[in-house]
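Accompanying notes for the structure given below.
A, B, ... follow the sequence lines: proteins, then strands. Residue 1 opens every chain.
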Amino acid sequence: MSASRAVVTLRSRGLRQCGACALVLRDAGDTPGLCPRCGAWLPRATRHGLALPAALLLAALTLYLPSNMMPIMNTRTGFEERSDTILSGVIALFDSGAWVLALIVFVASVMIPLLKLGLLAYLMLSVRLRWAHDRRRRTRIYRVLEAVGRWSMLDVFVVGLLAALVQLGPAGEVQAGPGAVAFGIVVWLTLWATRSFDPRLIWDDPR
Amino acid sequence: MPPAVDPPADPLAAHTAVPTAALLGCPFCDALNRLPAGIDEPRCWRCDSPLDAVALPGGGALDSRLSAVLALLAAAWVSLFAAHYFPLVALELQGQHNAVSLAGAVATLWNEGRQPLAAALFVTLVAAPLGEAAAMLIAVVGLHHRGRGPTSRWLLAALHVWQALRHWNLTEVLILAAGVALVKLGELATLVIGPALVALMAFMVLRLIALRLLPPERAWPLLEATA
């Protein structure tokens, strides 16, 4: 498997594939054009490097900590007033005895974003260092990252639902905090970073 | 090694390397895969990733599959209407009552001055599901009638929209979020699950089955099967 010199790829054969309908095309993509089957725009074939995903990842990393310190939700009832960050929301759920749900929220809101940031950085580093080992495993990691990222929007939706619903004037009110939008942007940046990373780079020939 | 096949006499032949979808590049590692016809859920020989874009088995099985997807989509649309007509969740606290629908929740957030949050919810929970379901319906009806004349622009557009919107639809995340909200409010007030939430669950399940029977990637090869 490591003798990738013999491996037949689209690129080694001078073929390319339509990004939308996956039709294998004879031309190597020197000129832009339209896919003959689905009509999708085929830009000039370029190999995307790590610049865009790295920039998006850095942006997400920068915003990650502030988004976790800002309150995502402010709750006011007749007798108490509290504001929650993501982590304090998880702890409150845990304290109320709903530890299964607390675990789900913890995985979706804390673990998945952190794992995404860490593993995406790991994948980019491995491409940069031209590692030849564990390529199958790294490809699988990428597929898992692509699949689970959306669940991080969970907390943003919880806040959205509660803030829209709990509008009872003096009896109780829930307001969305700045952390909800900041965290939503972090999630969106990591989703975009994952999509912009080209997993084929993992399989490029080592030096 | 890819076979050196003489191009058959069809309009795409000048551009394609081989007839139909016998050759497929892996979207994850670029390796060329040669796929025998009728194989279900193939994986890339090099990186073990699923190859989604493989052609569906043709013939009568295909027609009954399209009919099944059409039936599922009809049911999904009924659920989607119910999901927008009825309240999603309702709240009771000290004799006060408040209920919101999906679009109502978005509007409330917008009016509260939470426009970015409202926009995110609108795109992923209202616009994307509706747009995707509409595109799926148009695409499947179009595929049902394919082969009668040239492929219509509508069918191509619907398939492209479907494929593009699929990842923006976060209905299943909302359903879990409603569950979390239910427990979070449990101590303060009584949260009542509205009919729309049940309808939304039905929509999610029907959509997932329809997507499993006919992923958009597998719809494209059908366009040339009858050409």
Side-chain angles (χ1 to χ4, degrees), chain A residues 1 7-11 13 15-17 20-27 36-40 75 77-78 89 92-93 96 98 101 104-105 108 135-136 139-140 142-143 150-151 153-168 171-172 175-176 180-181 184 199-200 202-203, chain B residues 1-2 11-12 14-18 21 23-25 27-32 46-49 53 88-89 91 93-94 96 98 100 104-106 108-109 112 114 116-117 120-121 124-125 156 159-160 163 167 170 173-174 176-181 183-189 217 220 223-224:
Chain A
M1 210 66 66
V7 167
V8 178
T9 62
L10 286 171
R11 193 154 72 124
R13 288 279 139 173
L15 302 171
R16 74 153 149 176
Q17 191 159 258
C21 78
L23 183 69
V24 176
L25 299 159
R26 240 185 237 290
D27 78 297
R37 180 164 72 183
C38 74
T75 315
T77 60
L93 258 184
S96 73
L101 220 52
I104 292 174
V105 178
R135 284 175 161 164
R136 272 189 171 215
T139 310
R140 193 162 60 232
Y142 179 76
R143 291 207 312 273
R150 50 181 28 224
W151 288 98
M153 287 301 275
L154 181 67
D155 248 350
V156 178
F157 288 174
V158 171
V159 171
L161 273 182
L162 289 178
L165 185 65
V166 190
Q167 296 294 330
L168 299 175
Q175 280 196 325
V181 170
R200 283 169 289 202
I202 295 172
W203 294 84
Chain B
M1 299 287 282
L12 302 182
H15 305 278
T16 47
V18 290
L23 257 196
L24 207 56
F28 291 94
C29 76
D30 210 43
L32 270 175
R46 177 158 77 150
C47 73
D48 201 37
S49 302
L88 192 66
V89 273
L91 173 77
L93 177 67
Q94 296 168 10
Q96 293 197 62
N98 193 19
V100 286
V106 172
T108 308
L109 284 175
E112 277 175 36
R114 300 286 184 269
L117 193 59
L121 261 64
T124 56
L125 301 175
L156 290 181
L159 279 168
H160 279 299
Q163 210 163 10
H167 300 290
L170 298 182
V173 182
L174 175 73
L176 185 59
V180 175
V183 174
K184 265 191 190 264
L185 267 190
E187 291 174 358
L188 299 176
E217 296 88 358
W220 294 111
L223 296 184
E224 44 183 333

Inset, instruction - Look at the rings of B/Trp220 and B/His160 and say which category their plane angle falls in: under 30° parallel, 30 to 60° tilted, over 60° perpendicular. - result: tilted
Inset, instruction - Ignoring hydrogens and angles, tell me if any N or O in the side chain of B/Gln163 forms a donor-acceptor pair with the backbone of A/Ala20 under 3.5 Å. - result: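 It does hold such a pair.
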Inset, instruction - For A/Arg16 and A/Leu10, indicate whether the former's side chain and the latter's backbone hold a donor-acceptor pair under 3.5 Å. - result: no
Can you tell me which of [options] forms the most heavy-atom pairs within a distance under 4.5 Å of chain A?
options                               : result
B/Leu117, B/Val180, B/Leu121          : B/Val180
B/Gly104, B/Ala178, B/Cys29, B/Ala181 : B/Cys29
B/Pro116, B/Ala31, B/Ala105           : B/Ala31

Let me confirm one number: the [atom1]-[atom2] distance from [X] to [Y], rounded to the nearest 0.5 Å.
X        : Y        : atom1 : atom2 : value
A/Leu161 : B/Lys184 : CG    : NZ    : 12.0 Å
B/Leu23  : A/Leu15  : CG    : CG    : 7.5 Å
B/Thr124 : B/Leu174 : OG1   : CG    : 8.0 Å
A/Leu162 : A/Gln175 : CG    : CD    : 12.5 Å
B/Leu91  : B/Asn98  : CG    : CG    : 6.5 Å
B/Leu32  : B/Arg46  : CG    : CZ    : 10.0 Å

Heavy-atom distances under 4.5 Å only: say whether [X] touches chain B with side chain, backbone, both or neither.
X        : answer
A/Thr139 : side chain
A/Val105 : side chain
A/Ala92  : neither
A/Leu168 : both

Most heavy-atom pairs under 4.5 angstrom with chain B, which of [options]?
options                                : value
A/Arg140, A/Gln167, A/Met153, A/Arg11  : A/Gln167
A/Ala163, A/Ala98, A/Ala22             : A/Ala163
A/Leu165, A/Val166, A/Val159, A/Ile202 : A/Leu165

Is chain A contacted by the side chain of [X], its backbone, both, or neither, given a heavy-atom distance below 4.5 Å?
X        : result
B/Leu88  : side chain
B/Leu156 : side chain
B/Leu185 : side chain

